[in-house]
Amino acid sequence: MEGRLALEGCLLILFGATGDLAFRKLLPALYQLEKNKQLGSDFAVIAVSRKNYSTEEYLNRSREAVKRHIEREFDTALWEQLKKRIHYQQLDFTKERDYDALNKTLKDLDEVIKADGNRLFYLATSPKYFEVITGYIKSKDLYNENRGWKRLMVEKPFGRDLSSARELNQALTRVFNEEEIFRVDHYLMKEMVQNLIMIRAGNQIFEPTWNREHIDHVQIISMESEGVGARGEYYDQSGALRDMVQNHMLQMLALTAVELPGNLTADNLREEKIKILESLIPLKKDSIREQMVLGQYAGYREENGVQQDSSAETFAAIRVFLNHPRWIGVPFYLKTGKGLTEKAARIVIQYRLPIGSCCVGEMKAIEYPNRLTINIQPREGVVLSFNTKEPGTLNTLVPVNMDFCQNCLIGMNTPEAYEKLLSDAINGDQTSFTHWKEVEASWKWSDILTDWTDKNPDTVRTYSKGSGGPQEAEDLIEREPGRKWI
Ligand code: BG6
C-alpha cells in the first residue's frame, strides 16, 4: 500500500500466542501488514504458548480469530500467504529445557528466511511471566549479541505501583537496554492521539494560544459502555486508576500539555513528555476527596472473577494541575470508566471567554467559550466551536461547530493501533512507546491515589450501568462556573 513502509526482516517471537490479545489484536494486525505488502520474505512469526497445539491447530484457530476481528472481508488467499510465516511452538514459560527447543527453532528458521539475526520478542503473557521469560531469553541465548538486533515489546500493566515497576524494569534492563525496550501503550498509536501534536505544530492559530493565558481548562475523557467482561479477575486487582489513569490517561495528558520541541524527533518529544509527567502536582491526602471521584457500576460485584465485596473502582474522575510555566492554574480534568453511556474518547480544550462584551448597541457578556475537541474514537476528527451572529438578529451570538470528521473521509484506511505498534517496533521507532522515566513519573503520581483508595474504599460510589457515572463527578467539574463535561 502506498506510503506504508516495508518492514525490516526479523523473527517475531510472540509469547502468549493463544491469549486474547494475540487473537484479537496481534494476528489481525499481522494480516493487515501482509495485506499492505509490508512483510518481506525475511519475516516470520514464532507463536509461543503453553497450549499443546500443533502448528496446524494453531493456524486454524488463528484463521477464525482473524476472520472475526478484522473489519473487512476475509481474503483467503491472503491468509494462505500469511500462514506460511507462522510457526507454533509449545513452551512452558518456566521450564528451562523448553527454551532449548525454542532456540533451535529460531536458529533453523533464521537460516531459511535470512532474518540476519534480528529478533523481536513480544511479551503478551500475564505480567507474572515477564521476568522469567526475559531471564531465559538471556541465559538461553535466544539472540545473538554479534548479529542483528534484539528488541522487546512489553504489554501493560508495567508493574502495579512504583516499586514493582522498578523491579520489573531492573529485570528487563539486565537483558535489554532502554533503546531496545518498547513499552506498549496502545493509546499512543491511536491516529488522533498522534495527530494532536501535528495539529498543534501545523497550525499557527492553535500553538500560540495553547497556554494558561488562553485556556480555561482541559478535559481528557475515555469512556466505555461495556463492563469488565472476561477480565474480572485482573481488573478487580487493578481498578480504573491502575488500568487506565496511570497509563493511557496520563499519556494523553502528557501529549496535550507537552512543549513542542523545535526538532520533533522521537527522543526530543519523549524528553518533553517526561518533563510534563514529572510536573504533575501530587494530590494532597487531605484534599483528595475534593479532587477525585471514584465509582463502581451496579452489578460489577456479580461479574466473573470479581470479589463479592470488591471495592475496585470502575470509574474515576480527577482534577489535576501541573507545576509547569505554561499550565500553572489550568485544571486538567480526567474522566474514565466502564459501564457508562457510550464508548468514546476525546480531548477537549476549553478556551477562556473573551474579555469585555461583544455586541453593537446593547452590551452583553459572551456566554459560550471556544472549544477545540479532538475526537479520538469511535469518531475520529476535530471540532472547533466558536460564536457567530444568529441570522436575523442584531447582536445575539450563537455557538456553531466547524466539524472535521476524519474517519468519514479516510474510513477504513486508518491503520489500527496494533498494526502501527508492530511496524514501529520492527523499524526501531520508539516515538509512540513509553520511556522508563515516563512510567516512573506516572506511577509516582498515581501511587498516592491508589494507596489512598485502598485505604478509603468507602469513597467508591455506586452508579447505574449505562449512566454517566456518579453525580459527584459532575459536581467536580461544575464547581467552577462555565465548566461541564463535554
Ligand atoms: C486497556 C485496558 O488498556 O484499554 C482496558 O486494560 C480498556 O480495560 C482498554 O478496556 C480500552 O482501550 P480502547 O482502545 O478500547 O479504548
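Computed from a predicted structure; not experimentally measured. Both backbone and side-chain heavy atoms feed into the values below; hydrogens, waters and symmetry mates do not. The chain is numbered in sequence order, starting from 1. We count ligands from 1, going down the list as the structure has it; atoms in each ligand are counted the same way.
When each of Asp185, Leu421, Leu188, Ile181 is tested with Phe433 by the rule side chain to side chain contact (heavy atoms under 4.5 Å, CB included), just one qualifies, namely Leu421. For the side chain to side chain contact (heavy atoms under 4.5 Å, CB included) test with Gln219, the passing option among Ile486, Leu334, Ile347 is Ile486; the others fail.
Residue Lys338 approaches ligand 1 through these ligand atoms, each under 4.0 Å from one of its heavy atoms: 5 (C), 7 (C), 8 (O), 10 (O). Short contacts between ligand 1 and Asp243, defined as distances under 4.0 Å to a heavy atom of the residue, involve ligand atoms 2 (C), 5 (C), 6 (O), 8 (O). Ligand 1 places these atoms under 4.0 Å from at least one heavy atom of Tyr187: 12 (O), 13 (P), 14 (O), 16 (O). Close contacts between ligand 1 and His248 involve ligand atoms 1 (C), 3 (O), 4 (O) [criterion: under 4.0 Å to a heavy atom]. Listed by number with element, the atoms of ligand 1 under 4.0 Å from a non-hydrogen atom of His186 are 1 (C), 3 (O), 4 (O), 12 (O), 13 (P), 14 (O).
Ion pair Glu440/Arg166 flagged as a salt bridge, since at least one NZ, NE, NH1 or NH2 atom sits closer than 4.0 Å to an Asp/Glu carboxylate oxygen. With salt bridges taken as basic N to acidic carboxylate O contacts below 4.0 Å, none links Arg151 and Glu180. Note on Lys420 versus Glu191: salt bridge recorded, some NZ/NE/NH1/NH2 to OD/OE distance being below 4.0 Å.
Between the choices Glu155, Lys190, Gln377, the shortest heavy-atom distance to atom 14 (O) of ligand 1 belongs to Lys190. By heavy-atom distance, the residue among Glu224, Glu226, Arg242 lying nearest atom 7 (C) of ligand 1 is Glu224. If you check each of Lys156, Arg231, Lys343, Met189 against atom 5 (C) of ligand 1, the one with the closest non-hydrogen atom is Arg231.
Contact between Asp236 and Ser310 at its shortest, heavy atoms only, is OD1-OG, 2.6 Å. In terms of heavy-atom proximity, Gln89 sits nearest to Leu102 at NE2-N, 3.7 Å.
Polar contact check, Ser222 against ligand 1: no nitrogen or oxygen pair lies under 3.5 Å apart.
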